[in-house]
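Scroll down for the structure; my scribbles are underneath it.
Per chain, numbering begins at 1; letters A, B, ... match sequence-line order.
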Amino acid sequence: MKKITILFISLMMLTACQASKITTGALDVKDAWARPALSGDNGAVYFVIENGTAQADVLLSARTDIASAVELHLSQMDGDHMSMHQQEEILLPAGEAVEFSPGGLHVMLVGLTRKLTVSETFEITLGFKQAGEKIVTVTVRDDVNDD
Amino acid sequence: MDRKTLFIGLGSFLFLLVVGIAVLIFAQPARFRGTTFAEPYPVASEVDLTRSDGSRFRLSEMRGDVVLLFFGYTSCPDVCPTTMAELRKALSELSEQDAERVTVVFVTVDPERDTPERVQAYVDQFNPAFIGLSGTKADLEKIWTEYGVFREIVNGQSAAGYVVNHTARVSLIDQQGNLRVSFSFDTPVEDIVHDLKLVLKS
C-alpha cells in the first residue's frame, strides 16, 4: 500500500513538473558556485541551467582564465563506488532545468592557477550550440546540502 | 479518605504501572541511521603511516576518540571535497567538547601523486584538525584491502592526467577501536551528526 501511495505521489509530482515547463524564452545559468580549493589542485563549478526556450540546446564547452583546462564531468555512484566520466556535451531539453550539483554533473577546473577563497568570484564562459557563449559569474562558497 | 478517592488513586497507580511496563518493553534502543556493523563489532584494522610533519599516525593510538575514516585523493574535484565539507559541517553541529573527541582521517588512494604534505594541505583547507595521510603504495595497498576499498585508475582524455574511481564511504570507528557504522556518499549531514552523538554518549 505504501509503495502504491509513493508511486501515486511520484506520478502526481511528475505531472506537476511537466505542467510547469520553463517558458522564459531564454536560456539562463543560475546560482553558479564553486567550493574553495588550493592553487594547483582541481576544482568543480556547479549551477542550474534553465532552458526556457522552445528548442533543445547543448552545452558544448567551458573555459576560464583561472585553470589550465576546463572539462565537463559526471560523477556517478554505483553502490559505494564513485566514478567520474568526462562528457563531450550535455543535452538541455527545451523547457527543462538541468542541475549541476555535488556527486553529479559538474564543470571540472583542472589545475587551478590560483587559490579559490570563500566569497570571492570568478568568471567562466560556457559555450552552447544554440544560445552561443555566456559568461557566468561563479561565487566561491562552502555549501553543504543540509537535508 | 472515602472509598471513591481510594479507587481513583489505586486505578491511576495501576494505569501508570501498565504504561511504564509497556514503554520499557516496546521502547526501541536508539538506532544508528548509517549502515551498522553487526555484533561482535569488527576491530578496525591498523592504519600506521608517517604524517607530513614526520610524526607517526597509528589508528590504534586513537582509542578513546571517535574516528571518521575516508579514502580519497586530492585531485578529486567533486566527491572528496564534498565529503570533507560535510564532515566539517557535521563536527560544527556538535558541542565543542564532543567535536574534540572526533578525528577525521583522510587516507589517499593515489600515492603516485599525493605526498603526505599534499594530503595534509588538502584537508587543512577544511579543518586543520583533520589528518591527511599517504605512504608507500605497498603500505597503502594493505590498508585498502583490509578496509575493502575499491580503487581503479582510469586513463582518459582528461587534462587531469587520470582519475581514480574509488569507494566513497565514511567509516565510523568507536572509542574502543571498533567499526560501528558507515555512511554512503548521499547520507544527510544530520544523520552523521545523529550517529556521532549516539556513539559519543556510549
Contact class of [X] relative to chain B, heavy atoms under 4.5 angstrom:
X       : result
A/Met82 : both
A/His85 : neither
A/Met84 : both
A/His81 : both

Side-chain contact, heavy-atom cut-off 4.5 Å: [X] with [Y]?
X        : Y        : answer
A/His73  : B/Ser158 : yes
A/Val144 : B/Arg88  : no
B/Arg118 : A/Asp41  : yes
B/Thr82  : A/Tyr46  : yes

Mark yes or no for whether A/Asn42, through its side chain, and B/Cys76, through its backbone, hold a donor-acceptor pair below 3.5 Å. no
Quick check on A/Asp65: does its CG atom have over 12 non-hydrogen neighbours (other residues, nucleotides or ligands) under 6.0 Å away? no
Please find the pair of heavy atoms, one from B/Gln125 and one from A/Pro36, that lie closest to each other, and give the distance. OE1-O, 3.7 Å
Shortest non-hydrogen pair, B/Ala168 vs A/Met77, comes out as CB-CE, 3.9 Å
Of B/Val149, B/Val79, B/Thr83, the largest count of non-hydrogen pairs under 4.5 angstrom with chain A goes to B/Val79
When only pairs under 4.5 Å are counted, which of B/Gly161, B/Gly156, B/Ser184, B/Pro81 shares the most heavy-atom pairs with chain A? B/Pro81
Checking B/Val154 against chain A: side chain, backbone, both or neither under 4.5 Å from a heavy atom? neither
Of the listed A/Pro102, A/Ala69, A/Gly104, the one with the largest count of heavy-atom pairs under 4.5 Å with chain B is A/Pro102
Interface check, chain B: of A/Ala34, A/Ala44, A/Gly79, most non-hydrogen pairs under 4.5 Å belong to A/Ala44
In this structure, CG of A/Asp142 is separated from CZ of B/Phe126 (nearest 0.5 Å) by 7.5 Å
Drop me the distance from A/Ser83's OG to B/His166's NE2, to the nearest 0.5 angstrom. 10.0 Å
Tell me whether A/Arg35 is salt-bridged to B/Asp78, with the criterion being a basic N under 4.0 Å from an acidic carboxylate O. no
